[in-house]
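What follows is a set of notes on a single structure, which appears directly below.
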There are 4 protein chains.
Amino acid sequence: MIKKRLGREESQQLTRDKLFDTATELMIRKGFHAASVNVIAEEAGFSKGAFFSNFASKSDLLLQLTQRFKRVEIDRLSTTLTSGYSSEQLSHGLNAYIDTLKNNTRCAILDAELQLIALRDEEFSQHYYDLHEENSEALGKLITIIFNHAGKKPPLEHAALAKTFTALAEGLILQGHEDPAIEIKLVLNSLIQTAEPL
Amino acid sequence: MIKKRLGREESQQLTRDKLFDTATELMIRKGFHAASVNVIAEEAGFSKGAFFSNFASKSDLLLQLTQRFKRVEIDRLSTTLTSGYSSEQLSHGLNAYIDTLKNNTRCAILDAELQLIALRDEEFSQHYYDLHEENSEALGKLITIIFNHAGKKPPLEHAALAKTFTALAEGLILQGHEDPAIEIKLVLNSLIQTAEPL
Amino acid sequence: MIKKRLGREESQQLTRDKLFDTATELMIRKGFHAASVNVIAEEAGFSKGAFFSNFASKSDLLLQLTQRFKRVEIDRLSTTLTSGYSSEQLSHGLNAYIDTLKNNTRCAILDAELQLIALRDEEFSQHYYDLHEENSEALGKLITIIFNHAGKKPPLEHAALAKTFTALAEGLILQGHEDPAIEIKLVLNSLIQTAEPL
Amino acid sequence: MIKKRLGREESQQLTRDKLFDTATELMIRKGFHAASVNVIAEEAGFSKGAFFSNFASKSDLLLQLTQRFKRVEIDRLSTTLTSGYSSEQLSHGLNAYIDTLKNNTRCAILDAELQLIALRDEEFSQHYYDLHEENSEALGKLITIIFNHAGKKPPLEHAALAKTFTALAEGLILQGHEDPAIEIKLVLNSLIQTAEPL
DNA sequence: AATGAATGAGCGTTCATTCAT
DNA sequence: AATGAATGAACGCTCATTCAT
């Protein structure tokens with residue numbers, strides 16, 4: 001095994017990644033305001049200076065953090081959609097997706113935090129909603145496949161459909177609900193049953 | 001026209017109310033952290049000192065603000081439930097309730113803010129969830145009446161039922177949705193249709 | 001027994017006395033700065049307003065408090081000196097005085113507090129030192145009587161003599177010594193032994 | 001002449017020293033409460049932030065300041081004791097010590113300030129008394145040497161002996177006495193004369 | 001005479017950010 | 001690229017004091 005020597009760029013990417021992860025963790029645990037630059041840097045094992053070598057400002061971190069957070073979800077959904085799975089497999093996949101991703105307290109809290117910031121900060125708003133829309137579109141397509149698989153036409157367009165389920169999942173978690181899977185499935189099945197046939 | 005002379009108590013109650021209102025407004029517009037004592041007091045037309053003559057601390061304000069906010073909703077629901085309305089009237093009342101109260105961006109944002117604080121602050125958590133549970137119980141009873149009016153048995157117990165619809169309303173608003181009424185009614189009707197008969 | 005009805009003046013004197021006592025107590029326990037007007041008033045059972053009805057300001061209280069504190073000691077010493085006691089009785093009286101008064105942690109702390117303020121505040125300084133000088137003069141006369149009783153001439157004039165013993169008593173208490181009586185008597189006896197005969 | 005370039009550490013040490021000196025000066029001139037962080041920093045030529053880059057809190061400064069203040073005295077005494085001076089030289093040294101150090105108004109005031117804080121703050125108390133005891137022990141040894149040099153046994157153990165003279169010096173200065181040397185020497189000589197022979 | 005709501009200066013402290021090293 | 005001392009604005013909060021009641 002060859003000891004890998006990191007180049008400057010790789011090394012910095014490592015620093016940046018560690019800062020991202022720590023910042024995400026702290027934003028979830030304490031919120032954006034309480035997650036101070038100093039604490040983020042130190043908990044990541046660096047100094048304040050390293051933070052500002054990697055991010056122009058704290059709000060720059062927020063932008064990039066959001067980008068990364070949403071991109072991960074979008075990529076996961078896109079992969080599922082473009083892979084050659086049958087609609088049945090996708091349907092099962094969605095159930096898993098609902099069970100795992102949306103049943104993820106940490107993601108829900110972070111998303112709520114970001115949404116509150118978006119509602120108050122116009123500049124951030126644009127950034128967030130673009131990504132959120134893309135995410136919702138992808139998730140909506142996936143949910144639509146389930147409806148279709150049951151021979152039904154979903155009652156809402158892609159994004160609206162996805163947002164409904166996201167609202168359900170995240171809204172329940174915010175209320176302290178540990179696992180919103182039951183409610184989500186209840187609503188999903190009910191909507192499928194009452195939906196118009198294809 | 002009689003010149004109203006305010007007593008000391010009345011006068012202070014006025015100050016307190018103004019501070020409450022301003023604080024609520026600012027918590028919605030800027031969030032708990034950004035709504036600093038200084039800004040709250042000044043925007044209410046008082047000095048910082050006046051704030052601390054009326055509230056023991058900023059977190060005391062948060063507690064009382066939450067109490068007041070939730071109590072208003074609980075009282076509104078209780079009044080509706082205990083008044084002699086027929087279940088049909090109640091059913092229409094709920095629809096109105098959904099249209100108005102839950103379609104209230106400001107309330108949704110404030111509630112989300114409080115929920116995020118509750119998730120991170122153990123002491124506040126107890127306070128919030130007690131009130132939230134009471135609120136959910138009352139709302140759940142109201143929603144149950146609609147199901148019964150349609151000859152159906154709701155698929156969840158009171159609190160869980162209410163939380164599902166609250167999640168839907170607040171979750172959608174957090175995503176930037178201006179009016180979640182369509183989705184709420186869609187899900188409500190769907191759940192009623194697919195519910196077991198009484 | 002006739003129920004005493006207090007006139008306005010008597011009633012106010014009562015309030016003032018209670019404020020004095022409480023202020024003294026708090027100045028000892030917490031120091032002048034930490035003994036806030038609010039706490040003094042409340043602990044005395046009154047409102048802030050009552051404080052300012054009786055004292056022009058907090059530093060006015062300090063002045064009057066000092067006056068009262070020093071006056072009590074001066075009066076006690078004067079009474080002892082002018083009463084018809086024999087020098088032997090006075091000598092025993094001083095020993096008792098040393099044992100009780102100067103062995104009084106509370107008085108020592110309060111005096112040290114006042115001395116520090118006097119060293120820093122010119123206006124207060126004048127007030128304090130006048131009283132202190134009077135006190136020292138009286139105490140010095142008493143100590144001189146002991147020396148004379150032993151057939152000796154004290155090695156310092158009245159005030160300087162008294163200040164030496166006050167320094168000893170208060171300085172030891174400030175260092176945490178609970179009972180400086182041993183050291184005081186040691187020094188007193190030693191000085192008497194080595195003093196010139198009358 | 002070589003242009004001195006200060007490293008980061010040296011530079012910070014300079015800042016810290018300036019803050020220490022200014023803080024000491026202000027604590028003497030105005031007392032602990034009145035010597036606010038803001039004033040200390042500004043008078044030292046820095047911003048408030050610089051203070052908190054160098055001290056964790058104001059009470060941390062107090063701890064370190066006390067440490068430094070007492071340590072200087074202890075070191076001076078220790079050096080005198082461990083150097084090869086004859087007891088006669090030491091005896092003269094003590095006289096000088098009494099003349100200079102204890103005849104130091106500033107030190108006396110600072111020590112009194114610290115003692116009052118120690119009497120009221122349990123946490124600080126431990127810190128102060130440990131250092132004070134060490135200091136008293138060293139001073140006591142020195143004073144004992146004088147007694148021995150005169151062929152006498154001191155009437156008190158080391159610490160108690162030292163505290164007696166410290167009380168005398170500081171207590172007199174607190175009373176406004178500018179130079180307590182006369183009283184100190186009077187008491188010292190008197191105690192030596194009346195002490196038991198070795 | 002006594003109350004206590006309101007004031008506004010000041011407190012100790014935190015924070016994002018800068019910059020010399 | 002990374003460090004961390006220094007900055008200065010802002011924070012939550014306390015205080016002596018005022019004044020309408």
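Throughout, a chain's letter reflects where its sequence line sits, starting with A, and its residues are numbered from 1.
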Practice task
Write down the distance between NE2 (C:His33) and P (E:dG10), rounded to a whole number of angstrom.
Solution key: 14 Å

Completion exercise
Between CZ of D:Phe52 and P of F:dA9 the distance, given in whole Å, is 16 Å

Handout entry: Distance in angstrom units between B:Glu42 CD and F:dA10 P, rounded
Key = 11 Å

Fill in the blank from the handout: note: C:Ile40, atom CD1; F:dT14, atom P; distance rounded to Å ~ 17 Å

Practice task
For residues D:Leu62 and D:His127, determine if any side-chain heavy atom of one lies less than 4.5 Å from a side-chain heavy atom of the other.
Solution key: no

Handout entry: Residue closer to the 5' end of DNA chain F, C:Ala35 versus B:Ala35 (nearest nucleotide)
Key = B:Ala35

Handout entry: Atom CD of D:Gln126: over 12 foreign heavy atoms under 6.0 Å
Key = no

Handout entry: Side-chain ion pair, B:Glu43 and B:Arg29, N-O less than 4.0 Å
Key = yes

Fill in the blank from the handout: Rounded to whole Å, the CG-P distance (B:Leu61 to F:dC13) equals 10 Å

Exercise for the section: Would you kindly give the CZ-to-C1' distance between B:Phe55 and F:dT14, to the nearest whole Å? Expected result: 18 Å

Exercise for the section: Heavy atoms only: give me the nearest B:Ala50-B:Leu19 pair and the separation to one decimal. Expected result: O-CD1, 4.1 Å

Exercise for the section: Please confirm whether the backbone N or O of C:Phe46 pairs with a side-chain atom of C:Lys18, one donor and one acceptor, at under 3.5 Å? Expected result: no

Handout entry: Ion pair B:Asp130/B:Lys70, N-O distance below 4.0 Å
Key = no

Practice task
Return the value, rounded to whole Å, for the distance between atom CG of C:Asp60 and atom P of F:dA16.
Solution key: 14 Å

Fill in the blank from the handout: Encoded 5' to 3' (Watson-Crick or G-U under 3.5 Å; [ ] crossing; | other strand), DNA chain F becomes .||||||||||||||||||||

Practice task
Using a strict 4.0 Å threshold on nitrogen-to-oxygen distance, state whether B:Glu42 and B:Lys48 make a salt bridge.
Solution key: no

Practice task
Report yes or no: is the cationic atom of C:Lys58 (NZ for Lys, CZ for Arg) under 6.0 Å from the centre of the six-membered ring of C:Phe32, at an angle within 45° of the ring normal?
Solution key: yes

Completion exercise
Once base and sugar-phosphate atoms are separated, protein heavy atoms under 4.0 Å mark nucleotides 3-8 of chain E, 5' to 3', with B, S and - as BBSBBB

Problem - Distance, rounded to the nearest Å, where B:Asn38 contributes CG and E:dC11 contributes P - result: 17 Å

Problem - ring pair (Phe, Tyr, Trp, His ring centres under 6.0 Å) partner of A:Phe20, the single match among A:Phe69, A:Phe55, A:Phe51 - result: A:Phe55

